[in-house]
Each structure stands twice: as C-alpha cells, then as structure tokens.
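Note on naming: letters A, B, ... go to the chains in the order of the sequence lines (proteins, then strands), and numbering restarts at 1 for each one. These values consider heavy atoms only, across backbone and side chains, with no hydrogens, waters or symmetry-generated copies. Keep in mind the model is a prediction, meaning the values are calculated, not measured.
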Amino acid sequence: MPEPALHEQYSTIAQQERTYHLGMWAFLASEVLLFGTLFAAYAYYHVMYGHDFAEAIKDADLAKGTIDTFILATSTYTMTLSVLAIRKDNLPLAIAFTALTAGLALAFLTIEGTEWATDIAKGAVPGASYHYAKLPAFGAKMYFTVFYFLTGLHMFHVTMGFFLLCGLTVRLMMKAYSSRSHLPLELGTMYWHFVDVMWFFIYACMYLGRSA
Amino acid sequence: MTSAQEAPGRPTTEEQELPDYLHAETGIRSWLFTKDHKKIALMFYVLVLVFFAVGGVYALAIRTELLTPSGTIMTAFTYNRAFTMHGVIMVWLFLIPSIPNVFGNFLVPLMIGSRDLAFPRLNLASLYVFAAGAIILICTMIAGAIDTGWTFYPPYASTTPTRVAPAAFGVFVLGISSIMTSINFIATIHSLRAEGMHWHRLPLFVWGIYATAIVLLLATPVLGMSLITVALDWWFNLGMFDPTVGGDPLLFEHLFWFYSHPAVYIMILPAFGVISEVVPTFARREPASYRAIAYSSIAIAFAGFLTWGHHMFVAGQSVFDSNAFGALSMFVAIFSAIKVFTWVATLYKGSIHFNTPMLYFFAFLFLFTFGGMTGVAVATEALDVHWTDTYFIVAHFHFIMVGGSVTAFLAAAHYWFPKMFGRMYNERIGLLGAAGVFGGFFLTFFPQFLLGNMGMPRRYYSYPERFQWLHVASTIGAYFLALGLVTALVNLLVALRSGKRSGDNPWYSRSFEWMTASPPPQHNFASELLIQRTAYDYRLNEEEAHARTRAP
C-alpha cells in the first residue's frame, strides 16, 4: 500500500499536500487569466458588432454544443467518483472511472473536431480566406475568429488533460496510489474540473448569447 | 566604513561546521541537476547578467547611431531592429527575471527559515524554460530580429517581413518560466515559514516578492495570449486585429497593456523589497513603519492592474476611459510615495553607514522619486498629449527602470555578495562604480526629458539638427554609464576570487538570512528555528538576535 514520500523542506505530509494544492490553485488562477484574455476579445467584438455578431451565434450548432456540455459535465462527475473510490482504496473502480473520463474527453474532442470541419467546409475560416456567403458581415467574421481561437485553446487543454488522465490511469493500474497517497489524482481532478468549467463559459458565450 | 573584523562575543553558528552550498556537492551535474534554490539562483545570475550586457550593447548601438541627425553607423531598418531588441531583451530577459529569480530564489527560503522553496524541481524547470525562451529569442535575433518595437503593435506587427512569430513565441516561453516562478514563491511564502514566523515578522523583501508573484501569476497569461494572437495574425492571417476582416488593433493595445503595465510593477516591487532591506541594515534601525511598506506592496500589486489605459491616451479610447485611467494612475503612485517617505523616515535617528549598497539607495532615492514624479506628470492626460511618443516618455521609464530597478539590483548585488559568496568586495571601487552609474545615468537620460519636451519623437532614426547637442550629451552619458556598470561588475568578479573573507554577518544585520553562515550550508539552517522577534530588531545585540531565531 503506497505511502506518500515526505520531501525534505516539509515537516509533515499534511503540510506538503496542502502546499501542492495551493500551488495547483495558483496555476489554475493563471489559467483563468489565460482564457480571460480571449473572453475579453469576445466581449469586445460582441459589443462592437452587436447584431451581426449575434447572427453568427444563432448559426452555431447548438445541438453539438449542448452534447459537448453534457459530455464534459459527465466526465467531471466520473473523475470525482474516481477520487472518492481511491479514498476508499477501491482501485478497480478508480481505474474504471479515470479511464471513462479519458474516453469522454476523446468523445468531446471528436465532436468538436466535426464541428470545426463543418464550419471550415462551409467557408467560415478566420482571416482573409473567409467565404461563408450566408454571414458576410465583419461581426460574423470576428465571431468565427474568436470561436476558433477560444475553442482551439480549450481543445488544447482537453488534449493535455486527456494525456494526463491516461497517465493517471496507468499509474492506478500500477497500484501507485492508495487512500493514503493519491495526490496526483486529486490535482489532476482539479485541472479537469477547471477544463470543464471553462467549457461552460465558452458554451454560454459562443452558443447561448443569442439576443443582440 | 564597516570593516569585516569579527565583533567581540559574536556567536558561532552551527552552520559553520557544515560545508557551504558551493562545496557540499561539486561537478557540473551538481549544478545542472540541482534542486538547491541557491545554485539555481546563481545560474539565473549568470544568465541575466549576460542578457543585460547584450541589451546594453544594443543601447550603445542606438545611442551611437543618434550622434548625428541622419545615418551614422546603421540603416533605418537596422535601427528599428536595434531598439526593438533592446526593449525585448531588457524587459523580458533582464528586468522581469533579475531580482526575483536571482535574489528571490536565493533569499526567500533563508529569510523565512526554510530548507528550500516549496517546489525545487519546478524551480530548476523554470531555469531551463527560461533558457529555452532565451535561445528562441537569440535564434530570432541571429535570423534578422524584429522591427516592431518591444510592444508588437498590429497592424504593423501582423504585416512586417521580420520574424514576429518566433520572437513572440520566445517571449511566450519566457512567460511560462515566470508563471512557474510565481507559483513557487506564493506556495513557499504561505506554507514554509518557520515556526514563529508570522506574516508580520517576515522581512519586507519577502512581502515584495510575494506581491510580485501575484502580479506575475495573473498578468503574464494575458501577455502570453496577446503575443500568440499577434503571432497567429502574422503567420496565418488569423485576423484578430486585422481591420480588413473586422478586427481592431486597439484591442491588442488593451490586452497588451493590461499585462505590460502590471509588468512594470513586476520590475519595481522586488526593487522596493531590496531597498527595504538595505535601508534598515545601513541605518541600524527598524523601518519607520513596517506595515506601510508591507501593505503598500500589496496595494500596488492590485491597483497596478487598473491603470493600463494611460499607455493609450491618444490611441483612440474614449475620453471617459482616459480620464479614469489618468486618475487611477495617480492613485497608484500614492503607494510608492508612502514607501519613499517611510524609507527616508527610517533614516531619522538611525546610525547611517555609507557602504556601497547604501550609496545605491541614495541614487535610487533621487532617481526613482524624480522618475516617479514625471510619472504623475505624464498620467495627466492633458500634458501627456504633448509628451506621448516623445523622448519625455523614454526618459520617464528609464529613470524608473534603470534609476529604480537596476540601481536596486546593484544594491542587492553588493549587499548580498558576502551572503552568497562569503567574501567582501572592495568598497572604494564600489563607490567608484556607484558614482559612475549615477553620473552616467543622469547624463544619459536627463537630456532626454528636454529632448522630449522640445518635440523629439521616440524610436526615430533621424532628427532635426537643433536636437543634436542633447543627443550627443546623452550618448556620452551612455558610455559613462556602461563604464560605471563594468567597474561594478569587475569589482564583484575580482572579489569572487580574491575578496577578503566577510564573516557571516559583515553588515551586523538582524534579518534572518544573516543568522546562518555566509555562504550558507546546502540546507540553509542546521537546526530548527523558532522566531521570537521581528526581522529588524536592532535593540537586541547579535547574541540575543541569534538566540531569538533558534529553537531552544
């Protein structure tokens, strides 16, 4: 049964784990500002272009966006269940839930990918090559520019999260964690929750803000 | 002048029996794979000094070019690249990392009584990430550099033929290093303080580093995204700031300055921390108001996020915005003024010793106050309309960044030299270096206030003849400044090899980093600490000071 290792600058395990948690919160705070930059760009152009921007929001695939939201919300729940399982030393369940979360991440990426493909196919590409005839205005162009950037940044984080989840699954299968020592699982779950919460805001901004 | 002789009855610290951190493990692997915050600090020291020199060479190139009203030693295109690289290197490869990554890394664990930072491997990683960012920028430099100014404004930055994307990416990578550093400092200061080290017993340098870390953590990501966006605009025509597809270049300015104004507080808050250590030590007095200095650091960290629009008074933002940002910019100056008054008040009834660090403090006091007051002046929108994009602005920020941050860096370099290396530098050469830096600096940049007020625009390669005499004066000053800096550097390098042994506490300071051996052993303190005094209790003699640091 793995026990946590005490690093030399700490006096107790509790202090060490608290500090790692604090470090993770600090990292997530910086990530909020990272996404915040793009949300600021979103707000700027939404206000600037009003109606034209809102028309582009109405054009977004609400069904896919909503499915994505359910997938991520479920995945955040399964990750929580994984942590609850390891706290009771239930390794098989923890492995199952972590792997399931990774699978849901992959599903999310696939659906987002198809949405990107559809948008590109209909000509809504960023920059000068934009040729989506249905929505020719500047407001629509800037909507799509922000859309690709914001969802692209988020997909990058989901991808990183996917690799992290795979790594955690492997470590669980190697029996590296126990109820007394599973800090990486907790920290990884915090990151995954963050990725999910970011998606809620992206969903609200890019799919739901429909009245100008 | 304080001599390095031992005071009678000076306690022998237990750490003196242990090998110091430089000799505990030797060989190149003990440096490249170290987890010791002190060794990491020294590696950062070498890197930032190298980049300071490179940025300085660009400065001398610029000033030499400006000796004559038109072409002197380079084309206009090269000139644009020279001032761009000067800015990029000085800001991101020197000013931002210098005090935090060198002195913060070395001293924070010692000052809080801990064996290392919270995440030593993250610390080492931050060094390698910094080096990676630096390599990317060096490669971009060799491949022709960029000519956009360090501010990367679109639409020029999206359309210039120079290599914006690699340069922006290099700065992005440096930003990642900054964020790693800030996470480490925040976690360390919250969690690893020794027994008895309440927040209000922390040395003020630690408060300064903590405030800096908050700004680093929250502002740097915005820079990262802004630069990635402009890089994608340049590379793939993303169009985020391209007016032909509906983008707005002004948005870039908002996002960029949202980071870059707090960035200047990243550059000055650690400097304030250094000064807050130097003044009590060399006045042998506790600070006139500990809380004024501590809390004003936190206030600056937050209020600094509210002022970015003062870089955009004539950029096309609304009059309301300009008024609001102007007022808020004056507001944030109050906290710096609080510090300046507190440091001066600390001298009252103190026992002042004019060692080199203290000389740099006096230079700082004059130059930073001068620069700060011109800051309030340019925050006045009605006045800035005349001064914006002229040499007045250039002079203002150099008074703060060189007269403030670099001077404080030099104060730190001399003050903590015995701490880091156990040796003492030559005080007479130290005085010479300080005088050269102060005099050279003033001759370089004071004429620039006059130039700016007379209408000389910044970043201009050629100028009307009537400005030439001021440019020549400024260039002579620049060479003197370079000479002063080289003098200071050589003094310290020589002392590394052959300086007299300093003893553990040559300045008779009460701050906690001086309560262990100089240089410290690998794990900082040999026994448990129990802090039962403030960091500035000069009523106690050295024995009592040591006794109230250790656990019984």
Checklist line | B:N237 side chain reached by A:S129 side chain, heavy atoms, under 4.5 Å | finding: no
Check: Is there any residue in residues 113-121 of chain A with a non-hydrogen atom under 4.5 Å from a non-hydrogen atom of chain B, and which ones are they?
Finding: none
Next item on the list: Of all the heavy-atom pairs spanning B:D248 and A:Y44, show the shortest one and how long it is.
Entry: OD2-OH, 2.7 Å
Notebook entry, point to check: Which residues pass the salt bridge (Lys or Arg N to Asp or Glu O under 4.0 Å) test with B:K38, sequence neighbours left out?
Noted result: B:D36
Notebook entry, point to check: If you check every heavy atom in residues 164-195 of chain A against those of chain B, which residues fall under 4.5 Å?
Noted result: none
Checklist line | Any B:L251 side-chain heavy atom under 4.5 Å of A:M48 side chain | finding: no
Check: In Å and rounded to the nearest 0.5 Å, what is the CG to CG distance from A:L33 to B:L217?
Finding: 7.5 Å
Item checked: Under 4.5 Å from a heavy atom of chain A, the part of B:Y259 involved -> neither
Note to self: Between B:L218 and chain A, with a heavy-atom cut-off of 4.5 Å, which part of the residue counts as in contact: side chain, backbone, both or neither?
What the structure shows: both
Check: Can you tell which of B:V222, B:I214, B:L232, B:D233 has the highest number of heavy-atom pairs within less than 4.5 Å of chain A?
Finding: B:V222
Note to self: Give the interface residues of residues 13-30 of chain A toward chain B, defined by a heavy-atom separation under 4.5 Å.
What the structure shows: A:Q15, A:T19, A:Y20, A:L22, A:G23, A:A26, A:F27, A:A29, A:S30
Next item on the list: Determine whether A:E8 and B:K35 make a side-chain contact, defined as any pair of heavy atoms from C-beta on separated by less than 4.5 Å.
Entry: no
Next item on the list: Count the heavy-atom pairs under 4.5 Å between each of B:L192, B:T188, B:I186, B:L216 and chain A, then report the option with the highest count.
Entry: B:L192
Check: Counting distance only, does the side-chain N/O of A:Y148 pair as donor-acceptor with the main-chain N or O of B:L238 below 3.5 Å?
Finding: no
Checklist line | Contacting moiety of B:T229, where chain A heavy atoms sit under 4.5 Å | finding: both
Note to self: Taking B:R115's backbone N and O only, do any of them form a donor-acceptor pair with A:Q9's side chain (distance below 3.5 Å, no angle check)?
What the structure shows: no
